[in-house]
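These numbers come from a predicted model, not from an experiment.
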Amino acid sequence: MTLLADLLSSVFERRYRRDPSHPTDSRPVQELVEALMGTAGETSGHALAQDILAGFGALDDAAKLDFFRHVARAMNIDPETVRSTLDAYERDPSKATYRAFATAAEPRRQELIRRLNSLPGATGALVRMRADLLRLGRGDPELEAFDLDFRHLFNSWFNRGFLVLRPISWESPAHILEKIIAYEAVHAIDSWDDLRRRLEPKDRRCFAFFHPSMPDEPLIFVEVALTRGIPGSVQGLLAEDRKAIASHDADTAVFYSISNCQAGLASISFGNSLIKQVAADLSANLPSLKTFVTLSPIPKLNTWLTGEGLEPKQDQMPALAAHYLLNAKASDGAPFDPVARFHLGNGAIVHALHADADISDKGRKQSGGVMVNYLYDLRKIGQNHEKFATAKTVAATAAVKTLAAGADLSKPQER
């Protein structure tokens, strides 16, 4: 798949490489956008798209914000046209009336994004553009509506069928390894030696999703430890002096770090596909593996405790963490904790809680050092996912439910 992506990229680049004699268009980016939307020629369209993306990349934040607002307003839908075409379709449902309604209901800015993406290598630039839109447009209703157009298109472009799963090893290219270090979001990689300990031993794995249009940019990656038994401490997994085991001696695969790499792909979900694909591949290649679990942080536990006015002692934290994961809800009825929402939505269950599992400053600040195992039972993932999706049911072991039932929820003045 990597070779195919490289070949396709080379073909497109040869076909559409810009003529060096063609001068750069120095008009403002907004004018270039209007010119691109009015062109029908492929060659001139690619030249304009290149100038727009290059010009946008050179703008400061204020100018980028002006650009986004111009596109959001000038290329929005016309509500009256949408209403009239919908009325026409209701009166006379046909191919023609439906086409007219669909055209009216799609903002022109979606076509702008598509035309920009016709330029080879533009997908990555558009992902970075959306990252700017998310960063600069937070809280602005018009720009948040504009972002829905990016999300709509990205959900198709980054469909699982287009993604390529690649193993990352100590022998991977240096520029990829540098990005793994930079993008690690759960347990920081503080040196090349630290990275080597996570990639080189026979009982360690790392996998990442890539897109053919962004072959040198991991989208999301997962780090895996092959162990005997289910671990309850990340310090043990990452210890410098730990003794590696042979991969065929392991009975458990532990997903201990999952990192999204591209801010511009926020809310584009492919993490669930990554875990399930990796679990399936590991199961096929290492028949000795019988258990697939995470060792996950609980990033919002202390935030929730503070909001509830609780000041627990350290020995109370596992029980409170169990109660939190099973009962603390967001406004939509889903678990309050984002990591819990992710894994439970994928069909995992809350398997076990561990005190002092992450004693780093970050681990203490987030959850008092408590971590959780989410268990992926490959036979029951579909059933668990369905229950969570339809009823927000939090699946958990009997031990976790018992632990949660014993949580002390009294406030300091009540004790």
Could you list the residues that satisfy salt bridge (charged side-chain N to carboxylate O under 4.0 Å, His left out) with R160, not counting sequence neighbours?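 None.
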Just jot down the salt bridge (charged side-chain N to carboxylate O under 4.0 Å, His left out) partners of E200, sequence neighbours excluded, or say none.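 Salt bridge (charged side-chain N to carboxylate O under 4.0 Å, His left out) list for E200, sorted by chain: R196.
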Quick check: closest heavy atoms across [X] and [Y], and the distance to 0.1 Å?
X	Y	value
L403	P318	CD2-O, 3.6 Å
P297	Q366	CB-OE1, 3.9 Å
T39	G45	CG2-CA, 4.0 Å
L409	L310	O-CD2, 3.3 Å
D408	L320	O-CD2, 3.5 Å

Out of curiosity, [X] [atom1] to [Y] [atom2], how far, rounded to the nearest 0.5 Å?
X	Y	atom1	atom2	answer
F68	L133	CZ	CG	4.5 Å
R166	L163	CZ	CG	11.5 Å
T294	I258	OG1	CD1	7.0 Å
S172	I180	OG	CD1	8.0 Å
I359	S233	CD1	OG	7.0 Å

Determine whether more than 12 heavy atoms belonging to other residues, nucleotides or ligands lie under 6.0 Å from atom [atom1] of [X].
X	atom1	answer
K392	NZ	yes
K276	NZ	yes
K365	NZ	no

Do the non-hydrogen side-chain atoms of [X] and [Y] ever get within less than 4.5 Å of each other?
X	Y	result
V224	V254	no
I168	I176	yes
F221	C206	yes
H187	L237	no
L116	I52	yes
S283	L289	no
D194	S191	yes
T397	V350	no

Salt bridge present between [X] and [Y] (N-O < 4.0 angstrom):
X	Y	value
K313	D315	no
D193	R197	no
E106	R114	yes
D203	R242	yes

Can a donor-acceptor pair be found, under 3.5 Å and without considering hydrogens, that links the side chain of Q235 to the backbone of A357?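 It does hold such a pair.
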Just by distance, with hydrogens left out, do N373 and H354 show a side-chain donor and acceptor under 3.5 Å apart?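 Distance-only check passes for N373 and H354.
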Cut-off 3.5 Å, side chains only: do S288 and D251 have a donor facing an acceptor?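 There is no such pair between these side chains.
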Check: H351 ring centroid to Y374 ring centroid under 6.0 Å: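 No; Y374 has its ring centre 6.0 Å or more from that of H351.
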So, for F67 and F56, is the gap between ring centers shorter than 6.0 Å?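 Between F67 and F56, the centre distance is under 6.0 Å.
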Under the side-chain contact (heavy atoms from CB on, under 4.5 Å) test against L286, which residue among D249, L226, D281 passes?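 One option only clears the test, and that one is L226.
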Against V33, only a single residue in R108, R109, M75 fulfils side-chain contact (heavy atoms from CB on, under 4.5 Å); can you say which?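 Single pass found, and it is M75.
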Does Y183 form a side chain to side chain donor-acceptor pair (under 3.5 Å) with E217? I'd like the steps, not just the answer. CA-CA 10 Å; Y183 291 140; E217 280 288 345; 2.9 Å; yes
Exercise answer: donor-acceptor pairs, residues 134-145 side-chain atoms, under 3.5 Å, sequence neighbours excluded:
| unit_1 | atom_1 | unit_2 | atom_2 | d |
| --- | --- | --- | --- | --- |
| R135 | NH1 | D61 | OD2 | 2.8 |
| R135 | NH2 | D61 | OD1 | 3.1 |
| R135 | NH2 | D132 | OD1 | 2.8 |
| D140 | OD1 | E142 | N | 3.0 |
| D140 | OD1 | L143 | N | 3.3 |
| E142 | OE1 | R73 | NE | 2.8 |
| E142 | OE1 | R73 | NH2 | 3.1 |
| E144 | OE2 | G139 | N | 2.9 |

Do the rings of W170 and W192 sit parallel, tilted or perpendicular, given the 30° and 60° boundaries?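 Rings of W170 and W192: perpendicular, as their planes differ by over 60°.
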List the residues meeting side-chain hydrogen bond (donor to acceptor under 3.5 Å, both in side chains) with N384, not counting sequence neighbours, and say none if there are none.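 Checked N384 against side-chain hydrogen bond (donor to acceptor under 3.5 Å, both in side chains); zero matches.
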I need the full list of ring-ring contact (aromatic ring centres under 6.0 Å, His included) pairs touching residues 125-152, with sequence neighbours left out, sorted by first then second residue.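 Sorted pair list: F146-F150, F150-F154.
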E184/R198 under salt bridge (charged side-chain N to carboxylate O under 4.0 Å, His left out): CA gap, chis, key distance, verdict: CA-CA 12 Å; E184 166 60 58; R198 301 191 193 196; 3.7 Å; yes
Using atom types as modelled, flag every donor-acceptor pair under 3.5 Å from a side chain in residues 326-344 to any protein atom, sequence neighbours excluded.
| unit_1 | atom_1 | unit_2 | atom_2 | d |
| --- | --- | --- | --- | --- |
| N327 | ND2 | H323 | O | 3.2 |
| N327 | ND2 | H323 | ND1 | 3.0 |
| D332 | OD1 | A334 | N | 3.0 |
| D337 | OD1 | K300 | N | 3.2 |
| D337 | OD1 | Y324 | OH | 2.8 |
| D337 | OD2 | V339 | N | 3.2 |
| D337 | OD2 | A340 | N | 3.2 |
| R341 | NH1 | P335 | O | 2.8 |
| R341 | NH1 | F336 | O | 2.8 |
| H343 | ND1 | Y376 | OH | 2.8 |

